[in-house]
Amino acid sequence: MTEISVSIRDGETGTFPQGITAAEALKELVSNKLRKQTVAVLRDGVPVDLSVSLSGDSVLEPVVMNSPAGLEILRHSAAHIMAQAVKRLFGPEVKVAIGPAIDDGFYYDFDREEPFTPEDFERIEKQMAEIVATRRPFVRTEMPVDEAIKFFSERGETYKVELLQDMETETVSFYQQGDFIDLCRGPHIPDTSWLKVFKLLRVAGSYWRGDEKNPMLQRLYGTAFFDKKDLKKYLYRQEEARKRDHRKLGKELRLFTIQDQIGPGLILWQPRGAMLRRLIEDYWKDEHYRNGYELLYTPHIARQDLWRTSGHLDFYGENMYAPMEIDEIKYQLKPMNCPFHIAIYKSNKHSYRELPIRWCELGTVYRYERTGALHGLLRVRGFTQDDAHIFCRPDQLEDEIFNILALNLHILKTFGFDQYDVYLSTRPEKYVGSDEHWQLSTDALKRALEKKGLGYEIDPGEGVFYGPKIDIKIKDQLGRSWQCSTIQVDFNLPERFDMKFTGEDGAGHRPIMIHRALMGSLERFIGVLIEQYAGAFPLWMAPEQARILNITGDQAQYCEAVYSRLRKAGVRVEKDLRNEQLNYKIREAQLIKVPYMLIVGEREKENGTVTVRKRSGENLPPMTPQEFVEMVRSESEEGTGRRMT
RNA sequence: GCCGAUGUAGCUCAGCUGGUAGAGCAACUGAUUCGUAAUCAGUAGGUCAGCGGUUCAAGUCCGCUCAUCGGCUCCA
């Protein structure tokens with residue numbers, strides 16, 4: 001009998017008869033403790049089942065529970081078991097589509113006439129538990145593709161047949177546990193009893209293969225863990241995320257409101273939200289001025305001809321609002337600010353000495369979004385971009401992009417974001433401009449990223465029609481990522497609008513244009529900020545920094561004096577002098593997350609001080625109003641790196 | 001836009017199988033003048049998202065529309 005050598009990566013090596021299973025080899029080569037933790041193995045780097053029989057010399061690496069790979073395998077198996085349960089409960093006429101593991105769990109798509117209801121969840125979960133209890137092994141088999149097609153055709157599994165028809169390999173693998181068999185690459189948990197902790201989460205529609213021309217399937221989402229505690233933690237995190245939901249907090253903190261009467265996707269900023277936004281805008285404008293930008297203002301509508309010239313009608317028309325006719329001329333709401341900035345550029349002649357020109361604007365644009373896409377502040381129909389356009393010479397492109405990246409990261413950091421994923425998107429299918437232009441600008445983006453020392457991923461074909469772009473997705477405190485910043489090179493618009501600058505040689509040359517937004521849109525960014533800080537904004541951007549609370553009416557006059565003094569010093573202070581108990585006032589101030597409460601009783605009135613209660617509940621020793629002003633100033637300065645009040 | 005769920009007072013939510021709306025908080029009035037997360041009492045407030053239908057009778061059943069939520073798609 002032939003012998004083979006099996007070794008554990010970074011571990012022992014042994015000699016075994018050919019055909020031994022990975023599980024048997026592990027029994028000899030690793031500790032019992034590790035073996036019991038092992039879900040599957042990497043054989044020469046490829047994930048396979050424990051039951052795989054080894055035909056030649058192999059290096060094995062155990063995939064353990066709770067490792068990302070281990071969880072993925074568990075969840076993938078959970079998807080199979082869920083499909084089995086669904087088939088058992090709702091009959092063989094339910095067709096199965098695909099059922100992968102995803103970041104936080106798994107899903108399986110089904111084609112079934114009747115909708116699944118949340119009440120079905122309990123039945124499915126119960127059925128799953130029964131399957132788990134039978135300890136059915138996951139058995140792998142292989143067959144040629146054409147045989148597999150025949151197999152699934154006979155069972156009416158048309159989606160599986162479609163998948164198989166697109167496959168290029170000759171044989172495919174199947175996994176069977178009990179009465180359920182599914183097309184699957186694997187690997188899987190050894191048997192169903194490994195699935196101890198799982199929960200179905202929700203049901204949602206999804207198109208077959210994500211294409212809206214295809215039939216809508218029902219997707220059941222669930223999650224699974226090895227340890228009950230992990231599921232609890234997961235559910236707790238979900239709960240935390242719900243608590244931070246900017247739509248909920250926006251209402252509670254009275255920041256903004258969205259009303260049917262006004263229209264979906266249109267934001268009404270309430271005074272507190274408006275103050276928050278103003279502070280962010282002021283900071284933004286100031287920071288841009290310091291970095292060599294000039295501020296512009298442009299209108300909300302323009303003649304349709306402008307949008308024809310810019311190419312927006314052709315490339316972006318389906319996102320634009322229908323034209324309105326004024327004096328027999330058609331006008332359209334702007335979906336972007338760029339053509340206006342170009343028009344301003346063209347209002348004068350420009351020398352090469354003037355470049356780069358950096359113009360910024362908080363420009364409010366309107367874009368048609370499908371109703372199903374709207375979501376609080378994060379996806380709206382009217383929003384204000386923190387837009388800028390840089391007009392430069394080709395030799396300045398790389399430096400300009402570098403400078404934008406630097407400013408970008410600096411501003412994000414001020415808002416507490418220092419983790420991000422960077423993507424470089426290259427030429428899409430639908431595009432304008434020459435290949436040479438695309439190459440030149442893509443290279444400039446790459447070099448600037450490298451110079452800034454930013455790791456990035458390439459997103460092939462995800463560029464805008466007019467040029468390649470860099471997208472920065474920021475990560476919030478819960479680890480969720482949000483697309484905000486975008487930097488896009490554009491060779492197209494300067495061409496279309498025939499933009500020029502006079503070169504050293506006295507001839508006309510074409511500038512390059514860079515579009516960029518750092519926060520993306522103020523609406524979205526503020527939505528993300530609300531979730532980032534759970535509504536408890538740092539002092540410098542808190543709409544209300546302090547609230548004066550008196551204990552009895554006897555201090556009202558003194559409180560008024562403190563109030564006007566702080567207001568004059570630039571502190572955003574409010575007063576609550578109602579005839580209510582202190583506890584009641586503190587509770588209200590706490591719920592609306594005011595950073596400082598200034599408590600004034602007889603003691604403070606006599607000493608000319610205030611007692612400061614922080615949002616955390618901590619009390620500071622009594623201080624004079626002037627001392628409080630200084631404290632607010634220095635803390636705000638820390639937040640933004642400069643004096644804000 | 002598509003699939004599913006939801007829409008009752010400013011907010012959070014009750015209202016079983018159809019019999020012409022209810023609570024808590026907020027608001028308002030009065031009392032209470034109080035030291036670190038809700039003082040007590042009273043008053044007022046709703047074309048039950050909108051439109052249409054079934055019925056003697058609709059918040060409740062049916063249809064359409066609008067909006068919201070979870071996804072798909074899309075994306076600043």
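Each chain gets a letter, A, B and so on, in the order its sequence line appears, and its residues count up from 1.
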Taken to the nearest whole Å, CG/A:L253 to C1'/B:rA26 is 16 Å

A:Q532 atom CD: more than 12 heavy-atom contacts under 6.0 Å
yes

Which part of the nucleic acid, if any, lies within reach of A:Q218 when heavy atoms closer than 4.0 Å are counted: base, sugar-phosphate only, or nothing?
nothing

Result of checking A:V600, A:T624, A:V610, A:N550 against A:V562 for side chain to side chain contact (heavy atoms under 4.5 Å, CB included):
A:V610

How close or far is atom P of B:rU8 from atom CG of A:D260, stated in whole angstroms?
11 Å

Would a 4.5 Å heavy-atom cut-off, applied to side chains only, mark A:P335 and A:W307 as touching?
yes

Both distances under 3.5 Å, Watson-Crick or G-U wobble: report the partner of B:rU29, or none.
B:rA41

Categorize A:F116 for me: base, sugar-phosphate, or nothing, with a 4.0 angstrom heavy-atom threshold over every strand shown.
nothing

Side chain of A:T486 (C-beta onward), nearest among B:rU36, B:rA76, B:rC72:
B:rA76

Side-chain atoms of A:T371 come closest, of B:rA76, B:rC34, B:rA67, to B:rA67

Could you check whether A:T611 gets within reach of a base, just the sugar-phosphate, or nothing at all, counting any heavy atom under 4.0 Å?
base

A:Q581 has its side chain closest, among B:rU33, B:rU39, B:rA67, to B:rU39

Checking contacts here: which listed nucleotide (B:rG70, B:rG1, B:rA76) is nearest the side-chain heavy atoms of A:Y368?
B:rG1

What is the nucleic acid contact for A:N319, judged by heavy atoms within less than 4.0 Å: base, sugar-phosphate only, or nothing?
nothing

Looking for any heavy atom pair under 4.0 Å, which part of the strands does A:I258 touch: base, sugar-phosphate only, or nothing?
nothing

Looking at A:A322, is its backbone amide N or carbonyl O close enough to the side chain of A:Y368 to form a donor-acceptor pair, meaning the two atoms are under 3.5 Å apart?
no

pair A:Q270-A:L253: side-chain heavy atoms closer than 4.5 Å
no

With heavy atoms under 4.0 Å as the rule, sort A:V365 into base, sugar-phosphate or nothing.
nothing

Give none if B:rA5 has no partner; otherwise give the nucleotide forming a Watson-Crick or G-U wobble pair with it, both distances under 3.5 Å.
B:rU68

So, is A:K614 close to the B:rU36 phosphate, meaning a side-chain N or O under 4.0 Å from OP1 or OP2?
no

Can you tell me if the side-chain N/O atoms of A:R578 get under 4.0 Å from OP1 or OP2 in B:rA27?
yes

Taking only the side-chain nitrogens and oxygens of A:R247, find out if one of them lies under 4.0 Å from OP1 or OP2 of B:rC69.
yes

Select base, sugar-phosphate, or nothing to describe what A:E604 touches, counting heavy atoms under 4.0 Å on all strands.
base

B:rG70 OP1/OP2 closer than 4.0 Å to side-chain N/O of A:H375:
yes

Paired to B:rU12 by Watson-Crick or G-U wobble criteria (both distances under 3.5 Å) is B:rA23

Is there a side-chain contact between A:N583 and the phosphate of B:rU36, meaning an N or O under 4.0 Å from OP1 or OP2?
no

Does any nucleotide pair with B:rU36 by Watson-Crick or G-U wobble geometry, both distances under 3.5 Å, and what is it?
none

Base, sugar-phosphate or nothing for A:G210? Non-hydrogen atoms, less than 4.0 Å.
sugar-phosphate

A:R613 side chain N/O closer than 4.0 Å to the phosphate oxygens (OP1, OP2) of B:rA37?
yes

Tell me which nucleotide, if any, is Watson-Crick or G-U wobble paired with B:rC74 when both distances must be under 3.5 Å.
none

Of the nucleotides B:rU36, B:rC72, B:rG35, which one has an atom closest to the side chain of A:I586?
B:rU36

Reckon A:Q590 touches a base, only the sugar-phosphate, or nothing at all at heavy-atom distances under 4.0 Å?
base

Regarding A:R370, tell me which of base, sugar-phosphate or nothing describes its non-hydrogen contacts under 4.0 Å with the strands shown.
base

Look at all strands and tell whether A:E369 reaches a base, only sugar-phosphate, or nothing, counting heavy atoms closer than 4.0 Å.
base

Taking the minimum atom-to-atom distance to the side chain of A:Y584, which one of B:rG1, B:rU39, B:rA76 wins?
B:rU39

Is the aromatic ring of A:F383 within stacking range of B:rA76, meaning centres under 5.5 angstrom and planes under 30 degrees?
yes

Which of B:rC34, B:rU68, B:rC2 is nearest the side chain of A:I551? It is B:rC34

Just wondering, are more than 12 heavy atoms of other shown residues or ligands nearer than 6.0 Å to CG in A:D103?
no

Quick check for you: among B:rG35, B:rC74, B:rG71, whose closest atom lies nearest to any side-chain atom of A:I599?
B:rG35

Heavy atoms only, 4.0 Å cut-off, all strands: where does A:K585 land among base, sugar-phosphate and nothing?
nothing

Of the candidates B:rA38, B:rU36, B:rG71, the side chain of A:R587 sits closest to B:rA38

Looking at RNA chain B, which of residues 406-421 of chain A put a heavy atom within less than 4.0 Å of it?
none

Using the benzene-type ring in the case of Trp, are the ring centres of A:F198 and A:F106 under 6.0 Å apart?
no

Are the side chains of A:Q545 and A:L566 in touch, meaning some heavy atoms are under 4.5 Å apart?
no

Atom CD of residue position A:Q557 - does it have more than 12 heavy atoms of other residues, nucleotides or ligands inside 6.0 Å?
no

Here the gap from A:R112 atom CZ to A:L217 atom CG, rounded to the nearest 0.5 Å, amounts to 13.5 Å

Choose from B:rG4, B:rG71, B:rC2 the nucleotide whose nearest atom is closest to any side-chain atom of A:Y207.
B:rC2

Are there more than 12 heavy atoms of other residues, nucleotides or ligands under 6.0 Å from atom CD of A:E113?
no

With heavy atoms under 4.0 Å as the rule, sort A:E580 into base, sugar-phosphate or nothing.
base

CD of A:Q555 versus C1' of B:rU33: gap in Å, rounded?
9 Å

If the P atom of B:rA21 is compared with that of B:rG46, how far apart are they to the nearest Å?
13 Å

Paired nucleotide for B:rC51 [Watson-Crick or G-U wobble; both distances under 3.5 Å]
B:rG63

Just checking A:G205: base, sugar-phosphate only, or nothing, at a heavy-atom cut-off of under 4.0 Å?
base

